[in-house]
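Basis for what follows: all heavy atoms, side chains included, without hydrogens, waters or symmetry-related copies.
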Amino acid sequence: QVQLVESGGGLVQAGGSLRLSCAASARSFSTYSMGWFRQAPGEEREFVAAISWSGQLRRYADSVEGRFTISRDNTKNTVYLQMNSLKPDATAVYYCAGGSHSTASANYNTWGQGTQVTVSS
C-alpha cells in the first residue's frame with residue numbers, strides 16, 4: 001500500500017504563493033495517477049487538481065485553473081501543487097490522493113494526512 005505524506009502548507013497573504021509536496025513511499029509510484037483535494041471547515045472535500053501516472057494528463061477545478069499547477073517527479077516519488085495568486089477562499093486542509101486522476105474522491109484509494117493552508121486577507 002502506498003503511503004502519502006504532504007508538506008509545504010502554511011500561512012500566506014492573499015496574492016502569495018505556496019508549493020505543496022506529496023511524497024509517496026512505494027516504488028510503484030510512477031504507475032499511480034494522483035490528485036489533490038481540499039476541505040475547508042464545515043465544507044465537503046472538493047477536487048483541486050489531478051495528474052495521470054505519466055504526467056501527460058492534467059485536470060483542474062475551474063476555481064484554480066490558471067493559478068494552480070500540478071506536476072510530478074517520478075524519480076523522487078513526489079507530486080507537487082504550485083499555488084499562485086492565492087485567495088482567502090483557498091484556506092483549507094489540502095490532501096494528496098492516489099489511484100486515479102478523476103475529479104471524484106471516491107475513485108481514490110490512498111490518502112495522505114493533509115496539510116493546512118491558510119490565506120490571510
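A cation-pi arrangement is present between Arg45 and Trp111, with the terminal nitrogen or guanidinium carbon under 6.0 Å from the aromatic centre and inside a 45° cone about the axis. Cation-pi contact between Arg19 and Tyr80: present, with separation from the ring centre below 6.0 Å and deviation from the ring axis of at most 45°.
A donor atom on one side chain and an acceptor atom on the other are not found under 3.5 Å apart for Asp73 and Thr78. Side chains of Asn107 and Ser102: a donor on one and an acceptor on the other come within 3.5 Å.
Between the side chain of Ser33 and the main chain of Ser100, no donor-acceptor pair closer than 3.5 Å is present. Between the side chain of Gln113 and the backbone N or O of Val5 there is no donor-acceptor pair closer than 3.5 Å. Judged by distance alone, the side chain of Thr118 and the main-chain N or O of Leu11 form no donor-acceptor pair under 3.5 Å.
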Exercise. Under the side chain to side chain contact (heavy atoms under 4.5 Å, CB included) criterion, do Thr115 and Val93 qualify, and how do the steps go?
Worked result: CA-CA 5 Å; Thr115 186; Val93 177; over 6 Å; no
For this session: For the pair Phe68 and Trp36, evaluate ring pair (Phe, Tyr, Trp, His ring centres under 6.0 Å) and give the outcome as yes or no after the intermediate values.
Result: CA-CA 11 Å; Phe68 289 15; Trp36 286 97; over 10 Å; no
For this session: Quick one: do Ser17 and Met83 satisfy side chain to side chain contact (heavy atoms under 4.5 Å, CB included)? Show the steps, please.
Result: CA-CA 5 Å; Ser17 298; Met83 306 186 293; over 6 Å; no
Problem set entry | Residue pair Asn74, Arg72: steps toward the side chain to side chain contact (heavy atoms under 4.5 Å, CB included) verdict | CA-CA 6 Å; Asn74 288 343; Arg72 66 189 298 157; 2.8 Å; yes
For this session: Before giving the answer on ring pair (Phe, Tyr, Trp, His ring centres under 6.0 Å), spell out for Tyr60 and Phe47 the whole-Å C-alpha distance, their side-chain angles and the decisive distance to 0.1 Å.
Result: CA-CA 8 Å; Tyr60 298 93; Phe47 171 77; 8.2 Å; no
For this session: Would you check, one step at a time, whether the test side chain to side chain contact (heavy atoms under 4.5 Å, CB included) holds for Asn84 with Leu86?
Result: CA-CA 5 Å; Asn84 298 329; Leu86 282 162; over 6 Å; no
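Linking ILVMFWY residues whenever their side-chain heavy atoms come closer than 4.5 Å, directly or via other members, leaves Tyr108 and Ile51 in distinct clusters. Hydrophobic clustering (side-chain heavy atoms under 4.5 Å, transitive across Ile, Leu, Val, Met, Phe, Trp, Tyr) keeps Val79 apart from Phe37. Transitive grouping of hydrophobic side chains (ILVMFWY, heavy atoms separated by less than 4.5 Å) brings Val48 and Val12 into a common cluster.
Within 6.0 Å of CD on Gln3 lie no more than 12 heavy atoms contributed by other residues, nucleotides or ligands.
Sorted by first and then second residue, the pairs that involve residues 85-98 and meet side chain to side chain donor-acceptor pair (under 3.5 Å), not counting sequence neighbours, are Arg38-Tyr94. Residue pairs meeting the disulfide (SG to SG under 2.5 Å) criterion with at least one partner in residues 85-121, sequence neighbours excluded, are Cys22-Cys96.
Note that OG of Ser7 is 8.0 Å distant from CG of Leu20, once rounded to the nearest 0.5 Å. Atom-to-atom distance recorded for Leu57:CG and Ile70:CD1 is 11.5 Å, nearest 0.5 angstrom. Rounding to the nearest 0.5 Å places CD of Glu6 at 12.0 Å from CD of Gln116.
Between Trp53 and Met34, every side-chain heavy-atom pair lies at or beyond the 4.5 Å cut-off. Two residues are said to be in side-chain contact when any heavy atoms from C-beta on lie closer than 4.5 Å; Arg58 and Thr69 meet this criterion.
Shown here for Ala90 and Val119, the closest heavy-atom pair between the two residues is CB-CG2, 4.2 Å.
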